[in-house]
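Note that the numbering runs from 1 along the sequence shown for the chain. Keep in mind that this is a model prediction, so the values were computed, not measured.
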Amino acid sequence: MLINSYTSLSQKINIKKYNIGVVGLGYVGLPLVKRFLKSGSVKIFGVDSDKKKVNLLRIGKSPINSINIDYFKKNKDNVSTDYAILNKADVIIICLPTPLKSKKTPDLKYLEVCYKDLSKINIQNKIIILESTVYPGVTRKFANQIVLNSKHLQIGKNIFFGYSPERENPGDKSFSYQKTPKVISGYSSNCLKLMKKIYNSIAKKTYQCGSMEEAETSKLLENLYRSINIGLANEMKLICDKLNINVHNVIETASTKNFGFQKFLPGPGLGGHCIPIDPYYLSWISEKNGYEPKLLKSAAKINNNMPNIITNKILKYFKKKPKILIFGISYKKNVDDDRESPSFEFMKIFKKRKIKFDYIDPYFPKIKKGRKISLEKKSIKLNIKNSKNYDCGLILADHDKFDYRFIKNNFQYVFDARGVYFRKKIISDNIIQV
């Protein structure tokens, strides 16, 4: 009977005798695998379209340096590019990228392929959970599509759907779902009950949303909050430059207020998967429903224009085009994560303007394919001799591994887009905050 499907799945979860399938073994999927492995005697099945990534996991190597996992080395048959492996799963969690198309509209191609492949396997008596960042309504739309042409699938009875937005913070060793609540939502009341049981095993606290759409929108708001405030910090930097005021001193002063203010810092532009993308996801669905956002677009425009503004500022210091050494490919410090990194925007600008450049980044010996830049480069090994090959250094990721005093002492100019010299209280005439 249909009601037994829910009861059976619920009991499996209660006694931790259920199998989990994770689709997308990247910056969200792999940490999730580790958390569920620590939670008890569950079995994990991983799916990823990248054969190289799957092969690395099978020999005990992680495709992401900061995430160590040897589970798939011991269980080689549990990771594959083939969705058929998910027939063994009771819970399927989707952690796939949701990028933008060339015209800044949502690109759900990875999810579309995923749901089509899921339709080809036996998904009865399973719960399918989406963790990817999407605009409101996506989870419900795909759930409805899956059951539309099926006579035997009934949501909430013998198939279940939920949405729980990821809250990963790459590079933050203190991040934990023991501290950060996990937002959950379900298509039906039975779906929500299952979601709570599943995520209570890895999170100290879960927060239930009234609908999947509320949960989807909350994820966008979390990142839009940061996007808008970073945009404000960047605009303050532009204003302070005109007024000959140190913006970092202004921000430090304002941050002494212990209520009503949170410190955000200016930078070279936005990076990471969510913050540069989410404004366009919400703007797109909002415009489809009759309202054109103003604040979201303004902040995105400021943030996206920072690489051009900084490049123009650098060029004012030279009579001819300088040769530039870029410090940092990562989108933020101390991580091997270059998703949507502003460094690539600088490279595109430099290439278009015929400005010669190299880069150094201990986390990226070479630039990964498919990062939206048509060139191959390797990280240089910096020393006193080859530092003379460059007219200036440009700090785009303030890794702790960089020797900032060496950089200061061996470059004619150092353009600091991260305020690292301000924080280290290193003052020199050749250091320019940009």
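Closest non-hydrogen pair, Cys240 versus Val250, comes out as SG-CG2, 4.3 Å. In terms of heavy-atom proximity, Gly231 sits nearest to Asn303 at CA-OD1, 3.2 Å. Ile20 approaches Ala89 most closely through the heavy-atom pair C-CB, 4.1 Å. Between Tyr199 and Glu131, the shortest heavy-atom contact is OH-OE2, 2.8 Å. Here the closest heavy-atom approach between residue Cys95 and residue Val22 is recorded as SG-CG1, 4.2 Å. When all heavy atoms are compared, the tightest approach of Lys182 to Pro165 is NZ-O, 3.2 Å.
Under the 4.5 Å side-chain criterion, counting only non-hydrogen atoms from C-beta, Leu148 is not in contact with Gln145. Residues Ile277 and Thr98 form no side-chain contact, since every pair of their non-hydrogen atoms from C-beta on lies 4.5 Å or further apart. The closest side-chain heavy-atom distance from Leu220 to Pro136 is below 4.5 Å. Between Met306 and Lys237, some side-chain heavy-atom pair lies under the 4.5 Å cut-off. Side-chain contact between Tyr281 and Leu108 is present, with at least one heavy-atom pair separated by less than 4.5 Å. Proximity of Leu86 to Asp117: side-chain heavy atoms (C-beta onward) are nowhere separated by under 4.5 Å. Lys197 is listed as a side-chain neighbour of Asn14, based on a closest heavy-atom distance under 4.5 Å. Between Phe72 and Arg58 there is no side-chain heavy-atom pair separated by less than 4.5 Å.
To the nearest 0.5 Å, atom CG of residue Leu396 and atom CD of residue Glu345 are 11.5 Å apart. Separation of atoms NZ (Lys73) and OG (Ser62) is listed at 13.5 Å; rounding is to 0.5 Å. From Asp391, atom CG reaches atom CD1 of Ile314 across 11.5 Å, with rounding to the nearest 0.5 Å. Rounded to the nearest 0.5 angstrom, Lys126 NZ and Ser5 OG are separated by 11.5 Å. With rounding to the nearest 0.5 angstrom, the CD atom of Glu287 is 3.5 Å from the NZ atom of Lys297. Atom OG of Ser49 is separated from atom OH of Tyr83 by 7.5 Å, given to the nearest 0.5 angstrom.
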- Task: Tell me, with the steps shown, if Tyr187 and Asn144 meet side chain to side chain donor-acceptor pair (under 3.5 Å).
- Result: CA-CA 10 Å; Tyr187 194 108; Asn144 290 338; 2.6 Å; yes

- Would you sort out whether Glu252 and Phe422 count as a side chain to side chain contact (heavy atoms under 4.5 Å, CB included), showing the intermediate values? CA-CA 11 Å; Glu252 286 301 309; Phe422 173 83; 3.6 Å; yes

- Can Ile309 and Asn234 be said to form a side chain to side chain contact (heavy atoms under 4.5 Å, CB included), step by step? CA-CA 11 Å; Ile309 292 171; Asn234 280 328; over 6 Å; no

- Task: In sequence, state the C-alpha distance, the side-chain angles, and the governing distance for Phe160 and Ile129, and then conclude on side chain to side chain contact (heavy atoms under 4.5 Å, CB included).
- Result: CA-CA 8 Å; Phe160 311 90; Ile129 302 167; over 6 Å; no

- Task: Decide side chain to side chain contact (heavy atoms under 4.5 Å, CB included) for Tyr421 and Ile407; before the verdict, give the C-alpha distance in whole Å, the side-chain angles of both, and the deciding distance to 0.1 Å.
- Result: CA-CA 11 Å; Tyr421 283 99; Ile407 297 169; 3.5 Å; yes

- Task: Evaluate the criterion side chain to side chain donor-acceptor pair (under 3.5 Å) for residue pair Thr81 and Lys51; output intermediate values, then yes/no.
- Result: CA-CA 7 Å; Thr81 58; Lys51 291 181 180 179; 6.0 Å; no

- Message: Using salt bridge (charged side-chain N to carboxylate O under 4.0 Å, His left out), reason through Arg140 and Glu216 one step at a time and then give a plain yes or no.
- Response: CA-CA 11 Å; Arg140 191 177 302 276; Glu216 291 166 331; over 6 Å; no

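Taking a 6.0 Å sphere around NZ of Lys34, one finds it holds more than 12 heavy atoms contributed by other residues, nucleotides or ligands. The number of heavy-atom neighbours closer than 6.0 Å to OH of Tyr207, taken from other residues, nucleotides and ligands shown, is 12 or below. Within 6.0 Å of the CG atom in Asp403, the count of heavy atoms belonging to other residues, nucleotides or ligands exceeds 12. Atom NZ of Lys204 is surrounded by 12 or fewer heavy atoms from other residues, nucleotides or ligands within 6.0 Å. The number of heavy-atom neighbours closer than 6.0 Å to NZ of Lys294, taken from other residues, nucleotides and ligands shown, is above 12. Dense packing is recorded around NZ of Lys76, with more than 12 heavy atoms of other residues, nucleotides or ligands lying under 6.0 Å away. Within 6.0 Å of NZ in Lys61 there are 12 or fewer heavy atoms belonging to other residues, nucleotides or ligands. Heavy atoms from other residues, nucleotides or ligands lying under 6.0 Å from OH of Tyr177 number more than 12.
Judged by distance alone, the side chain of Ser283 and the main-chain N or O of Pro279 form a donor-acceptor pair under 3.5 Å. Within the 3.5 Å criterion, the main-chain N or O of Gly328 finds a donor-acceptor partner in the side chain of Ser343. Distance alone, capped at 3.5 Å, is enough to place a donor-acceptor pair between the Ser164 side chain and the Val183 backbone. At least one donor-acceptor pair under 3.5 Å links the side chain of Ser132 to the backbone N or O of Leu96. Using a distance-only test at 3.5 Å, with no hydrogens or angles considered, no donor-acceptor pair links the side chain of Arg418 to the main chain of Leu265. Asp338 places no side-chain N or O within 3.5 Å of a backbone atom of Ile329 that could act as its donor or acceptor partner. Within the 3.5 Å criterion, the main-chain N or O of Asn200 finds no donor-acceptor partner in the side chain of Thr206. Listed for the Asp416 side chain is no donor-acceptor partner under 3.5 Å among the backbone atoms of Gln433. For Asp107 (side chain) and Lys101 (main-chain N/O), no donor-acceptor pair under 3.5 Å exists by modelled atom type. Asp70 places no side-chain N or O within 3.5 Å of a backbone atom of Gly60 that could act as its donor or acceptor partner.
Judged by a 6.0 Å distance limit and a 45° cone about the ring axis, Lys12 is not positioned over the six-membered ring of Tyr18. Cation-pi geometry between Lys401 and Tyr363 is satisfied (NZ or CZ under 6.0 Å from the ring centre, within 45° of the ring normal). Cation-pi check for Lys377 over Phe357 is met; the charged atom lies under 6.0 angstrom from the ring centroid and within 45 degrees of its normal. A cation-pi geometry, defined here as NZ or CZ lying under 6.0 Å from the six-membered ring centre and within 45° of its normal, does not hold between Lys88 and Phe45.
Ion pairing between Glu168 and Arg35 holds under the 4.0 Å rule for side-chain N and carboxylate O. In summary, Asp337 and Lys332 do not engage in a salt bridge, as defined by a charged side-chain N under 4.0 Å from a carboxylate O.
Exactly one residue among Asp336, Asp361, Asp398 makes a side chain to side chain contact (heavy atoms under 4.5 Å, CB included) with Ser330. That residue is Asp361.
Note: Tyr115 and Phe142 have parallel aromatic rings, judged against thresholds of 30 and 60 degrees for the angle between ring planes. Taking the six-membered ring where the residue is Trp, Phe402 and Phe327 present perpendicular rings, their angle passing 60° and hence far from 30°.
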